[in-house]
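A quick note: this is a predicted structure, and the numbers were derived from the prediction, not measured.
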Amino acid sequence: EILSGLVGSEMCIRDRNIESWHILFPDSETSLLLKEHDLIERYGCRFTWNNRGFKSFSDFLDIFTARQRKTIKAERKKVADAKVSFKIIENEDISSNDWDIFYNFYRQTYFERGQNPYLTKEFFYKINNANHILKPVIFFASHKDEVIAASLCFAGKDTLYGRHWGALRKVKNLHFECCYYQGIEYCIENDIKYFDPGVQGEHKIRRGFQPKMDSSFHYFLKHDFGDAVSNFCKSEKKQIENYIEACKSYTPFNKDYKI
């Protein structure tokens with residue numbers, strides 16, 4: 001009711017001095033509500049992994065061509081040969097010390113780009129206070145007795161959402177293992193239907209992630225500006241559809257597997 005009232009009330013928008021309003025990653029129910037109120041829908045593409053009832057990671061690999069199956073096995077072997085092991089800590093088992101360790105990796109990712117991290121350590125402490133609701137999952141990578149990398153995901157009703165990550169040591173293919181393959185195995189073992197590891201990346205296609213149309217919604221107080229954005233989004237939609245079809249043609253799956 002609050003959402004419906006806000007979307008439908010320009011007066012509320014004006015009173016709060018809100019020039020524009022943007023809703024990212026709405027669920028299906030919210031999307032229908034927003035469409036009813038004529039918000040501008042902008043389409044995009046995400047790459048998600050679908051659990052087709054796989055019994056193991058090896059079972060999952062069977063959907064690939066022989067060449068790509070060999071490539072993924074080689075990527076994982078590089079990490080294993082480097083004597084890197086993984087430990088998963090989740091939900092209430094995550095301690096403040098675990099967040100301290102993870103934060104060092106998280107901020108390192110930004111430091112390497114010459115940037116400051118936009119989330120503070122206190123932000124992660126607040127997550128820790130609501131672990132039972134937010135259901136964080138941290139994948140820690142260790143070499144001998146030293147933790148050298150980590151990735152963070154959140155377990156939803158039927159989807160594992162990712163991910164922030166960072167590493168203090170360079171190990172070939174560690175990023176793919178920590179951010180993708182560990183998450184896929186976690187989904188298989190916990191019967192989670194989808195894995196959404198975050199935006200961007202045609203490189204995900206080679207690792208079993210499939211292109212998927214998604215959308216966001218936008219409202220602009222100035223109608224002429226909103227009309228311009230709306231026209232752009234309508235034109236862009238066709239380009240996104242073409243992009244997704246092009247991505248599908250490059251999926252390295254065997255011909256018996258259908259997206």
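- Salt bridge Glu112/Lys170: present, at least one basic N to carboxylate O contact under 4.0 Å.
- Checking Asp100 against Asn97 by side-chain atom types alone, no donor-acceptor pair falls below 3.5 Å.
- In summary, Glu75 and Lys70 do not engage in a salt bridge, as defined by a charged side-chain N under 4.0 Å from a carboxylate O.
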Are Glu241 and Lys212 close enough, and set up right, to give a salt bridge (Lys or Arg N to Asp or Glu O under 4.0 Å), and what steps lead you there? CA-CA 10 Å; Glu241 290 172 340; Lys212 172 188 176 183; over 6 Å; no
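- Taking the six-membered ring for Trp and thresholds of 30 and 60 degrees, Phe60 and Phe64 have ring planes more than 60 degrees apart, a perpendicular arrangement.
- Leu134 places a side-chain heavy atom less than 4.5 Å from the side chain of Ile127.
- Ring geometry, His203 versus His175: the interplanar angle falls from 30° to 60°, so the pair is classed tilted.
- Using bins of under 30°, 30° to 60° and over 60° for the plane-to-plane angle, the ring pair Trp49/Phe54 lands in the tilted bin.
- A continuous path of hydrophobic side-chain contacts links Tyr181 to Phe47 [ILVMFWY only; heavy atoms under 4.5 Å].
- When ring centroids are compared, Trp99 and Phe124 come within the 6.0 Å threshold.
- Ring pair Phe220/His218 is parallel by interplanar angle, where below 30° counts as parallel and above 60° as perpendicular.
- Salt bridge absent: Lys135 and Glu90 never bring a charged side-chain N and a carboxylate O closer than 4.0 Å.
- Checking Glu202 against Tyr250 by side-chain atom types alone, no donor-acceptor pair falls below 3.5 Å.
- A donor-acceptor contact under 3.5 angstrom links the side chains of His143 and Arg169, judged on distance only.
- Open room surrounds CD on Glu29; 12 or fewer heavy atoms of other groups in view lie less than 6.0 Å from it.
- At a threshold of 4.0 Å, the pair Lys77-Asp81 counts as salt-bridged, since one of the basic side-chain nitrogens sits closer than that to a carboxylate oxygen.
- Cation-pi geometry between Arg113 and Tyr110 is met: under 6.0 angstrom from the ring centre, within 45 degrees of the axis.
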Tell me, with the steps shown, if Glu185 and Arg76 meet salt bridge (Lys or Arg N to Asp or Glu O under 4.0 Å). CA-CA 12 Å; Glu185 280 197 324; Arg76 302 201 78 186; 3.3 Å; yes
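- Among residues two or more places apart in sequence or in another chain, the side-chain hydrogen bond (donor to acceptor under 3.5 Å, both in side chains) test is passed with Glu41 by Tyr43, Ser215.
- Geometrically, Arg207 engages Phe176 in a cation-pi contact defined by less than 6.0 Å to the ring centre and at most 45° from the axis.
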